Amino acid sequence: GTSSYKWLADSLVKYGYIVAFPATESGFSPDHLSFAIDLSVVASKIISLNEELTSPFYQRVVNRAAIAGHSMGGGSSFLAAAIQNPAVKALFNFAAAETNPSAIAAAANVTVPSMIFSGSSDCIVAPTVQQNMYNNIPINYCKVYINISQALHCQFANNNFTCSFGQASSGCNSTTLPLQTLFSKISTALIPFLDYNLKLKCDAGNTFISNVQSLTGVTQQISCSPLPACGVVANSFQLYGRSEGVLNKLSWTSASGDVHHYLIERSSNGYLFSNIARIDNFNQHNFQFSESALNTTSFYRLVVVSSNGTIRRSNTVEIRSLKKELSVQLNGLSSENMHLNIYSDRETDAHMLLYNSIGSLLYRKQVYLFKGTHNYTVPTCIKNSGMYFLKLSANNQSKLIIFNH
């Protein structure tokens, strides 16, 4: 049950994190994909509380969430991250198990920083499973794999009775690794990882990498782009950004103190920034900058450079482009056909896959997409009521729609 992860909640809440544990799909035959969707929905719901006047979290929640899980929940966390909910900015899990649909395959669609923990003495889910998940995460996204020596599968769940009973039946319920040592190793790596990716604390980035690399009693792998250097002076101004269709627009008011010029930095992943423009200070009060929107999310920040070369950096703003390369919408559904509205920015071949709620493939078809928006009709192949998933893939993009029939 969720009480088995009180150690994790206690570790996170004291650092200002909100922790939610979905209790769905807890039976003997859990629906992994449904649980993944629950994880994604809960992440969005928590963030939405920031705008609810009657919520105790009103104006206290940032718009960045992490998805996590253990064992089956860990595998489902990969499925949840692969949905690419804009609210989800990080992924971490413990002794993640293979799921149906495949969590290992879903890892290839994970586009957020990820931290994966496993135990070397786990006989319920072999560490090679988590290693395969780590390997499948694209190389251009920050990923960390930590295999803790002598850790058991159920230690991540505080050795709860149900898990430990099954573990004992497998003949691997004994270790010399104390629980508190395990929890300490996890917190040492996890807290700065979340501080950097969710709270956007610049100095936490190098801390999390240093902590991971200095952990003892573990085998670790880390693949992250170089993290940006932090400004030496505290932030004292705010950068704002928004998407206006074909343009990304930034605005700010003049920073206090000595300002010689501003540098605008841009990143495609929130880690590795490069200069894209310089704006000299002509004693004006309001500043604006715009550029053509990219077909992906862009991150921006300002560097304020004083006359003596001292620098300050602003907050980082994230702009999700309204430009689309590929999109799909369900416009109608009958017992025989689905009516789809598909947009593509080019002529291309695409693959269409239809799954039921347990991940069984019902329909596969290669289609040719014309440039622009067009209507497509495809057979439903649906015989029973329930939840279904349609995946459209083209040009290294995948779009997923979920519907009930």
Side-chain angles (χ1 to χ4, degrees), residues 22 24-25 30-45 47 64-118 125 129-145 197-198 223 268-270 295-297 320 324-328 330 350-362 364 387-403:
T24 54
E25 303 300 328
D31 186 318
H32 303 145
L33 193 52
S34 292
F35 189 64
I37 294 169
D38 292 342
L39 290 171
S40 182
V41 168
V42 168
S44 295
K45 177 59 179 177
I47 288 175
R64 305 177 71 84
I67 293 286
H70 169 234
S71 195
M72 178 278 288
S76 294
S77 71
F78 277 102
L79 302 179
I83 294 173
Q84 298 186 6
N85 178 347
V88 176
K89 306 299 185 183
L91 166 71
F92 67 94
N93 47 55
F94 310 101
E98 176 65 312
T99 55
N100 184 12
S102 170
I104 294 175
N109 292 319
V110 171
T111 58
V112 295
S114 305
M115 181 169 282
I116 302 167
F117 294 92
S118 67
V125 181
V129 173
Q130 296 96 47
Q131 179 71 65
N132 289 335
M133 294 167 176
Y134 172 85
N135 291 342
N136 269 6
I137 297 173
I139 191 67
N140 53 323
Y141 294 97
C142 183
K143 57 181 182 177
V144 180
Y145 174 61
N197 291 296
L198 300 188
S223 174
S268 61
N269 57 18
N295 286 323
T296 184
T297 298
R320 289 185 169 271
K324 296 182 293 185
E325 292 182 353
L326 181 69
S327 68
V328 56
L330 180 64
H351 295 278
M352 191 178 297
L353 303 172
L354 177 66
Y355 298 91
N356 62 16
S357 61
I358 62 173
S360 298
L361 181 63
L362 303 180
R364 178 200 302 266
M387 184 177 292
Y388 293 85
F389 302 84
L390 180 74
K391 182 178 181 181
L392 182 70
S393 300
N395 299 318
N396 297 317
Q397 288 193 88
S398 293
K399 300 297 178 182
L400 179 70
I401 59 174
I402 304 169
F403 61 93

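Residue numbers start at 1 and run along the sequence shown. Keep in mind that what you see is a predicted model, and the values were worked out from it rather than measured.
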Side chains of [X] and [Y] in contact at under 4.5 Å (non-hydrogen atoms):
X      : Y      : value
Arg364 : His351 : no
Asn109 : Lys391 : yes
Phe389 : Ile83  : no
Ser223 : Tyr134 : yes
Ile139 : Lys143 : yes
Leu198 : Arg64  : yes
Leu390 : Leu392 : no
Leu39  : Pro22  : yes

Show every donor-acceptor pair shorter than 3.5 Å between a side-chain atom in residues 94-101 and any protein atom, with sequence neighbours excluded, or say none if there are none.
unit_1: Glu98; atom_1: OE1; unit_2: Ser102; atom_2: OG; d: 3.4
unit_1: Glu98; atom_1: OE1; unit_2: Ala103; atom_2: N; d: 2.8
unit_1: Glu98; atom_1: OE1; unit_2: Ile104; atom_2: N; d: 3.2
unit_1: Glu98; atom_1: OE2; unit_2: Ser102; atom_2: OG; d: 2.7
unit_1: Thr99; atom_1: OG1; unit_2: Pro101; atom_2: O; d: 2.6
unit_1: Thr99; atom_1: OG1; unit_2: Ala103; atom_2: N; d: 3.2
unit_1: Asn100; atom_1: ND2; unit_2: Ile358; atom_2: O; d: 3.0

Please round to the nearest 0.5 Å and tell me the distance separating atom [atom1] of [X] and atom [atom2] of [Y].
X      : Y      : atom1 : atom2 : result
Cys142 : Leu91  : SG    : CG    : 11.5 Å
Ile37  : Leu400 : CD1   : CG    : 7.5 Å
Ile116 : Phe92  : CD1   : CZ    : 12.5 Å
Asn132 : Ile137 : CG    : CD1   : 11.5 Å

Looking at every heavy atom in both [X] and [Y], which two are closest together, and how far apart are they?
X      : Y      : result
Ala108 : Pro138 : O-CG, 3.5 Å
Ser76  : His32  : OG-O, 3.3 Å
Phe117 : Gln130 : O-CG, 4.3 Å
Ala394 : Leu326 : N-CD2, 4.0 Å
Leu79  : Ala36  : CB-CB, 3.5 Å
Ala82  : Ala106 : CB-O, 3.7 Å

Looking at [Y], is its backbone amide N or carbonyl O close enough to the side chain of [X] to form a donor-acceptor pair, meaning the two atoms are under 3.5 Å apart?
X      : Y      : result
Lys399 : Val328 : no
Thr24  : Phe35  : no
Ser360 : Asn356 : no

| request: Please name all residues satisfying side chain to side chain donor-acceptor pair (under 3.5 Å) with Ser77, sequence neighbours left out, ordered by chain then number. | output: Asn93
